[in-house]
Amino acid sequence: MVTEAKSRWALAVLLAGTAALYLWGLDASGWANSFYSAAVQAGSQSWKAFFFGASDAAGAITVDKTPASLWPMVLSVRLFGLSSWAILVPQALMGVGTVAMVYASVRRLFPAWAALLAGAAMALTPVAVLMFRFNNPDALLVLLLTVAAYCVIRAQERGATRWLVLAGAAIGFAFLAKMLQAFLVLPGFALVYLLAAPVAFWRRVRQLLLAGAAMVVAAGWWLLAVALVPASERPYIGGSQTNSVLELALGYNGIGRLNGADYGGLGNLNQQAGWLRLFDTEAGGQISWLLPAALVLLVAATWLTRRAPRPDPARAALWVWGSWLVVTGLIFSLMQGIFHAYYTVALAPAIAALVGIGAAVAWERGAHRVLAMVAAGTAVWSYVLLSRSSGWNPWLGVVVLVAGLGAALAMVFTRRVAAVVVVAVVACLAGPAAYAVDTAASPHTGAIPTAGPATRSFDGGFQRPGGGRRGGDNQPFAQRRPGGGGPQSRGGMGGLLGAGTPSAELTALLKSGAAGYTWVAATVGSNNAAGYQLATELPVMAVGGFNGTDPAPTLERFQQYVAEGRIHYFVGTGMGGAGRSTGGSDDAARIAAWVRETFTATTVGGTTVFDLTQR
């Protein structure tokens, strides 16, 4: 039997190992997603840019998300200066915090070994390793949702209003990290509490209303502040066509993600949509290693606890995580709008907790055959996933398959199963652990990073979801090599979704006389602007926002800025051809055309530049 002291030491080892995995070689990814790194740089220079999440310190336009995920990174940069470490370390620490919260949630009601299993499963999920080493908004979202699940579990145990209100506040603040995705857990959490809390029905209803009010306050204070500030006094809301946060939340980042409506000009990117999307080549190796096990254990543990009283805390905890997994998983599987495999990091805490809880329930009730079936199925599925990367450590899949099936058979035919279970656990975690180490050892840049090695698609070719490209064009640090080369980096869709590092000649030109201008340069698209801004650490206007299709600024406003001498250079033409044909504004295309017709083009360091002070 594991003593409390030993369990604390085991937890310390788990968290230390997670920290090492998430912090190891973190600066190899450079600016990671330059789109957000540029906004962090801007916020470190301007508190106004910090509050609104502006892409540049002069406040031309915001990123296309609410800004809470940027705030920890901005504060870090303000403390330690602008660097890859300062930007990414807060994300990694959020990952360690998420593992700790998964452990704490399971440990409240189940043995230490089950909590350690859940924590290890969370820490080694490949997409979690990816996103807690990256600067997209998902790290803060996942941490806050895990905190919310913990609070709901605490609230259900005794019908505690305080914990339920805290859960609502955590979900509300998660909205400020990634908008409506935060609310996907809400129906399940509310229903579980309504069904299982050990207090009178109408008290449960009142408590849920209070929690809902806390959620609205936590999410709504920033929205209200934006609404009260005149549009002329704040940045344009990026990702919207009407300068509206509500449009951004309900359109591009809301309904458009579900039904495939073309918000923001990116079109419908619903690859592999369907019931098996989470197991397909795009998302399978990111999240699905333990997904079948979690689903089987959810059903099995529900059956094994069927005679428990209505307020049984163990079953309620099982349902809290199960509702998270089922609702969010179905929406991810069937949504017709923009979907990227890294979104599935939002499923990692639920899968990990269900594995730990389900294994504990089955073990305590002597359902060893269930555990054997889960171990065998996980080993077979790991073999399938590893075979998709057949050129990468091909021996591993065979070892996992043999060890997993052997341990499963031993669990069925022997009563002394403790040592066998250890072998089964190692076999089940070996595949995701190998992918996790590969992910941590590889730089990732661009807007669509992916975990693990390249995988084979159904047509027999090899693919890395979201594309792959050399990372040197996005490496501002020592690892960048002459000529733009660099370490192999995963992620990208370069151009639209990746920023470049300008030449030293162009950087020097943009810096020259910078004090006399609000923006040292303007260019179409936030990612184009990000590269120049991070190189100069000076404001660069992102014409048209993320992909050049926002009406910000309009041609007339841009001409006014030029007439007032507020913009020095216009760099290249970016996505000047984008416009209404892709569902957005054509102001960026009109601005680019006007610049070409009005000013003389010169080439600096291989890049086309227009001096807007010289017609």
Side-chain angles (χ1 to χ4, degrees), residues 30-31 34-35 37-46 48-49 54-61 77-78 81-84 235 472-478 480-484 495 498-544 548 552-553 557-576 588 591-615:
W31 298 126
S34 298
F35 174 61
S37 290
V40 170
Q41 183 275 330
S44 71
Q45 299 296 318
S46 163
K48 184 176 180 180
S55 292
D56 65 273
I61 192 170
V77 169
R78 282 183 174 267
L82 181 65
S83 70
S84 180
D473 291 341
N474 200 28
Q475 303 295 325
F477 302 102
R480 185 167 187 257
R481 299 171 185 171
T501 299
S503 65
E505 184 182 3
L506 178 56
T507 301
L509 176 69
L510 297 181
K511 287 183 174 181
S512 62
Y517 301 91
T518 305
W519 294 277
V520 296
T523 190
V524 174
S526 294
N527 282 292
N528 291 327
Y532 305 118
Q533 182 168 304
L534 290 167
T536 62
E537 298 189 33
L538 296 167
V540 175
M541 178 186 290
V543 176
R557 175 62 62 87
F558 186 85
Q559 290 172 332
Q560 180 182 347
Y561 287 149
V562 173
E564 294 170 353
R566 299 181 65 184
I567 309 173
H568 197 173
Y569 296 102
F570 188 90
V571 182
T573 56
M575 290 188 62
I591 288 170
W594 176 74
V595 169
R596 286 194 301 267
E597 295 168 359
T598 309
F599 301 92
T600 301
T602 59
T603 300
V604 180
T607 303
T608 302
V609 179
F610 301 85
D611 187 339
L612 301 184
T613 66
Q614 302 292 328
R615 289 180 178 263

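Bear in mind that the values here come from a model prediction, so they are computed numbers and not experimental data. Any value given below was found using the heavy atoms of this structure, including those in side chains, with hydrogens, waters and symmetry copies removed.
- Looking at R596, its side chain never comes within 3.5 Å of a backbone N or O of A601 through a donor-acceptor pair.
- Among all heavy-atom pairs drawn from A521 and I567, the shortest one is C-CG2, 4.0 Å.
- For Y569 and W519, the gap between ring centers reaches or exceeds 6.0 Å.
- Between W594 and Q559, the shortest heavy-atom contact is NE1-NE2, 3.2 Å.
- Using a 4.5 Å heavy-atom threshold, the side chains of Q533 and D56 count as touching.
- For the pair A49 and A57, the tightest heavy-atom approach, listed with the atom from each and the gap, is CB-CA, 4.2 Å.
- Y517 approaches R566 most closely through the heavy-atom pair CB-O, 3.7 Å.
- In this structure, the side chains of V595 and L612 come closer than 4.5 Å at one or more pairs of heavy atoms.
- Under the 4.5 Å side-chain criterion, counting only non-hydrogen atoms from C-beta, V571 is not in contact with N528.
- By the ring pair (Phe, Tyr, Trp, His ring centres under 6.0 Å) test, F35 is found to be paired with F546, residues two or more places apart in sequence or in another chain being considered.
- Environment of CZ in R78: crowded, with over 12 heavy atoms of neighbouring residues, nucleotides or ligands closer than 6.0 Å.
- Rounded to the nearest 0.5 Å, atoms OH (Y532) and OG1 (T501) are 10.0 Å apart.
- Closest of all the heavy-atom pairs between L534 and Q41 is CD2-CB, 4.1 Å.
- The minimum heavy-atom distance between P553 and Y561, with the atom names listed, is CB-CE1, 4.4 Å.
- Without hydrogens or angle criteria, T613 side chain to H568 main chain gives no donor-acceptor distance under 3.5 Å.
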Per-pair distances, 0.1 Å, donor-acceptor, side chain in residues 503-516, under 3.5 Å, sequence neighbours excluded:
{"unit_1": "S503", "atom_1": "OG", "unit_2": "L506", "atom_2": "N", "d": "3.1"}
{"unit_1": "E505", "atom_1": "OE1", "unit_2": "G605", "atom_2": "N", "d": "3.4"}
{"unit_1": "T507", "atom_1": "OG1", "unit_2": "S503", "atom_2": "O", "d": "2.9"}
{"unit_1": "S512", "atom_1": "OG", "unit_2": "L509", "atom_2": "O", "d": "2.5"}

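- Looking only at side-chain heavy atoms (C-beta outward), F570 and T608 stay at 4.5 Å or farther from each other.
- Between L82 and S44, the closest side-chain pair of non-hydrogen atoms is not below 4.5 Å.
- Formation of a donor-acceptor pair under 3.5 Å by the S46 side chain with backbone atoms of A42 is not found in this model.
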